[in-house]
Each structure stands twice: as structure tokens, then as C-alpha cells.
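Below: the structure, in C-alpha cells.
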Amino acid sequence: EMFGWTASVVAAIASAVTAGVGFKSAAAWIGASLFGVLGINFVLAQAATGLETRQRDKYGETEEYKRWVSRSWAGVTLPPKPKQS
């Protein structure tokens, strides 16, 4: 999903540039689009981080999980939160 959202913004900016839309007239929607894509990507990274944490907590000791993690990519994730003592 992150790639799709980011590609959508890049495509919109590229089409505006090729159509000859001036930067000043498009600055507001370009800024809003960039802010939006950063926001959705942050939400998606949070979701991936939470899912990875839950999966590790539930299945982390199994060999099947360890093999799966070694062969897969979780996507963009955020650093884990420090454990509360």
C-alpha cells in the first residue's frame, strides 16, 4: 500500500509538471498531497510494527516462525517502543 500511495502522489506531481502547471499555483495541493502521503505511510508503518510485534510475541519461539521471518520482509516498520519496567 505504501508504494501505491507514494506512486500516486509522484504521478500527480509528474502530470502537473508535464502539463505546465506553475509551481506557485500548484504549491498548496502539492503540499497537501505530500503531507497526506507522509501521514498514510506513517499509519501503515505503525500498523506493520504492531502486527510484527504481536506475531513475534505469539509465535517468536517456534522454528516455523523463525524460518518465515528469515525469508520474508515485514515492510517499513518503526523502531520498537522500549519496554516499560
Got more than 12 heavy atoms from elsewhere within 6.0 Å of CD, Glu1?
-> no
Looking at NZ of Lys66 and OG1 of Thr62, how far apart are the two atoms once the value is rounded to the nearest 0.5 Å?
-> 7.5 Å
Rounded distance [0.5 Å steps], OH in Tyr65 versus CZ in Arg56 = 5.5 Å
Determine whether Val17 and Val9 fall in the same hydrophobic cluster, where Ile, Leu, Val, Met, Phe, Trp and Tyr are linked whenever their side-chain heavy atoms lie under 4.5 Å apart.
-> yes
Distance in Å, Arg67 CZ paired with Ser72 OG, rounded so as to fall on 0.5 Å steps = 12.5 Å
Report all side-chain donor-acceptor pairs from residues 32-46 shorter than 3.5 Å, counting only partners two or more places apart or in another chain.
from	atom 1	to	atom 2	distance (Å)
Ser33	OG	Trp29	O	2.8
Asn41	ND2	Thr6	OG1	3.1
Asn41	ND2	Val37	O	3.2

Contact summary for Ala74 and Ala48, nearest pair of heavy atoms | O-CB, 4.1 Å
